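Quick notes on the structure that follows.
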Amino acid sequence: MARTVQLSKIRNIGIMAHIDAGKTTVSERILFYTGKTHKLGEVHDGAAVMDWMDQERERGITITSAATTTTWREHRITLIDTPGHVDFTAEVERSLRVLDGAVALFCAVGGVQPQTEQVWRQSEKYNVPKIAFINKMDRVGARFFDVVADIQSTLGGNAVPMVIPIGAEDKFRGIIDLVEMKAVCYDENDGATFTLEDIPADMAEDAKKWRAILVEKCAEQDDELLQKFLEEGDVSREEILTIIRKATIERRVVPVYCGSAFKNKGIQRLLDGIVNYLPSPEDIPPIIHAKEEDAARCHSDDDAFAALAFKIVSDKHMGKLTFIRVYSGTITSGAVIYNSSRQKEQRIGRIIRMHANRQEAIDEALCGDIVAVVGLTQTRTGDTLCLRDSPVQLESIEFPAPVISISIKPASRQDNDKMGSALHHLADEDPTFVVSFDPETSETILSGMGELHLEVLVERMRREYGVAGDVGRPEVAYRETGTSPSEGVFKYVKQTGGRGQYAHVVMRVEPMGPGRGFSFENEVKGGNIPTEYIPAVEKGVISAMHKGPFAGYPVVDMRVVLLDGSYHEVDSNEHAFTEASRLCFRKLFMDSKPELLEPVMSVEVTVPEEFMGAASGSICQRRGRIDSMDDQAGSKIIRSMVPLSEMFGYSSTIRTLSQGRGNFTMHFEHYEAVPFSLAEEIIKKRREQNKIR
């Protein structure tokens, strides 16, 4: 199939920002002005095209990244609107992995907000060129130039204003285009209508000042242009466009635009900036083989096919949709492709160009396309797709580990049958959603990036799969251990009229150091217990340790020594010795002054310095011990040990305490004794659950 749009006229971009900066509203205006939609969809009305999920429309936030394709000035723009909430950071991560450029959105009032820093770091990780759009210039407290300074100081971006606002707050009526040196004035009743006018006299000096800054920034990027600037004091429009485009693609500058998406102001100039300065697939370096650096694929239809699967969606009509970015070559419907990540061949059923949740079937996907395909049932997020005779392995996508868990159980027997399938589909879609089963507590554990993340997934399970579940916090996997040696004897004797049961053991139990596990030693002399029964004795001890007599939790860090015993020629057998040792261990363990152990986590909290006091206080309130405090890149890192039982809900706590700018990681370190007062409560509750008497 002949290419209808030149590769140089393709823009694959995403819109990224802190929550409530206006990403979806900007996306809706882009679709409207480019002719993709003919009616403006508003987030507050629940009518936004890009927020198509019921929960997105009800909550007024973006939950899943939505893709669409439109055109502007004969350029094809594939746009992905990403979520702003930190709980859905995986959606931003995988989108930025496959995009060529991004629009970083800033609230003119809020400036550089916490999640803005996070998505900016994510874009830098993938070397994504950016342009900035300062939105909500009509809001009270709007401060364009302060936000430009924030981008430079907080994010380290070389922000270069391409426009400056005419007025602000309720007096915001347009912008001055510093490239054209014209005023763009918008109709107050219809922001879609604008006129090009001469720059107002009261803003002429400001316009000259910022035009000079723009020209200086251009001159800094090119020695020849610098010489011309020094000689003539100005450069041409074409030279500005060429230099800013080159510098933007190389991530040396960040062009800045402004406007009010809700009032329909400034979007057309933003579209011009996307076309003028953000890269096409041709401008991106060749993709590199993850394991062979000298093996590269050029962005060309003529090179061998290579694509990356970056998103999985379960569609109730189409089945499993796999979103792919084609980096080189072409692919057609019905073609057989090779998944080099899993070393499996699969056939592509259909190729679809997505418009949010609406679909347009196409016959072929070309280099630079972002499309969804049907039929790749065994493909997962981050897999490389290529041809078997020309294999390649692209760098996969790294996702953060889940930080919070809940437990769930089906509301009915009918739900039990469907829950496994529903959880499998949801985990397949979302790499940061992990499902596990805890055999100790018989709970299904759902782990994710935050409480909102898990709340949304449970709600999706109910709405999309018809599965109701009772949600609770997971039970901590406690342990039991003894604190002093104990020695004793036990005889297991049963007579039933026929052949009886007889076993006699003498044992000693003693505690070992933390993390030492279990040790069984045989010190029987003279064959008092035949060798063939020794494994049965150990088996009985292990059986008793699996569900300890103290509170019903597993017993750890104990040494058991078999000292002596006796047997009967006829009545002794393996079962008798297993039971004798099991009951003997239970008796001796209760005499060893048992105590309850709880998992203690190594927790590392990172917060800006001004929130260090609040963060350290929150750790102490959770029975934590602070080990150290260090500086790192302007932030404070607090390292501590905290019981796992106290860490549930901490994700929301640290974000609240640090205005969303703090985060934490944790991993299991060791077990420690539970304070006596808490242990009594835990044991009482456990015995009630398991009916331990």
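Note that these values count all heavy atoms, side chains included, but never hydrogens, waters or copies made by symmetry. All of these numbers come straight from a predicted model, not from anything done at the bench. If you read the sequence from its start, that first residue is 1, and numbering goes on from there.
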Rounded at 0.5 Å granularity, tell me how far [atom1] in [X] sits from [atom2] in [Y].
X	Y	atom1	atom2	value
Ile13	Ser95	CD1	OG	12.0 Å
Ile77	Leu271	CD1	CG	5.5 Å
Leu7	Asp369	CG	CG	9.0 Å
Thr34	Ile267	OG1	CD1	11.0 Å

Salt-bridge criterion met for [X] and [Y] (N-O under 4.0 Å):
X	Y	answer
Arg460	Glu429	yes
Lys311	Glu91	yes
Asp428	Lys320	yes
Arg462	Glu459	yes
Lys125	Glu93	yes
Asp177	Arg237	no
Glu220	Arg252	no

Side chain to side chain contact (heavy atoms under 4.5 Å, CB included) assessment of Ile351 paired with Asp363
CA-CA 6 Å; Ile351 303 176; Asp363 297 323; over 6 Å; no

Verify whether one side chain among Asn276 and Arg245 offers a donor that lies under 3.5 Å from an acceptor in the other.
no

If I compare all heavy atoms of Ser328 with all of Cys367, which pair ends up nearest, and what's the gap?
CA-SG, 4.1 Å

Heavy-atom side-chain proximity of Thr70 to Leu79 below 4.5 angstrom
no

Within a strict 4.5 Å, meaning less than it, do heavy atoms of the Leu155 and Val254 side chains meet?
no

Taking [X] for the side chain and [Y] for the main chain, is one N or O donor matched with an acceptor at less than 3.5 Å?
X	Y	value
Asp383	Arg342	no
Asn12	Gly368	yes
Thr384	Ser341	no
Ser236	Glu239	yes
Arg325	Val98	yes
Thr116	Val112	no
Arg11	Val275	yes

Please name all residues satisfying side-chain contact (heavy atoms from CB on, under 4.5 Å) with Ser436, sequence neighbours left out, ordered by chain then number.
Ile445

Should Val163 and Cys258 be marked as a side chain to side chain contact (heavy atoms under 4.5 Å, CB included) after you check the CA-CA gap, both sets of side-chain angles, and the distance that decides it?
CA-CA 7 Å; Val163 301; Cys258 72; 4.0 Å; yes

With side chain to side chain contact (heavy atoms under 4.5 Å, CB included) as the test, pick out the partner of Leu385 among Val373, Asn339, Leu394, Leu308.
Asn339

Show, in sequence, the C-alpha distance, side-chain angles and deciding distance for Asp430 and His453, and conclude whether the side chain to side chain contact (heavy atoms under 4.5 Å, CB included) test is met.
CA-CA 10 Å; Asp430 189 344; His453 183 206; 2.6 Å; yes

Applying salt bridge (Lys or Arg N to Asp or Glu O under 4.0 Å), can you list everything that pairs with Asp301, at least two apart in sequence or on another chain?
Arg3

Excluding sequence neighbours, so at least two apart, what forms ring-ring contact (aromatic ring centres under 6.0 Å, His included) with Tyr465?
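ring-ring contact (aromatic ring centres under 6.0 Å, His included) check on Tyr465 returns His425.
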
Can you confirm whether more than 12 heavy atoms, excluding those of Glu250, are under 6.0 Å from its CD atom?
yes

Is it true that atom CZ of Arg350 has more than 12 heavy atoms of other residues, nucleotides or ligands lying nearer than 6.0 Å?
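Incorrect, the count does not exceed 12.
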
Between His299 and Tyr327, what is the ring plane arrangement, given parallel below 30°, perpendicular above 60°, and tilted in between?
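His299 and Tyr327: tilted rings.
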
Side chain to side chain contact (heavy atoms under 4.5 Å, CB included) evaluation trace for Asp100 with Leu278:
CA-CA 8 Å; Asp100 300 329; Leu278 289 181; over 6 Å; no

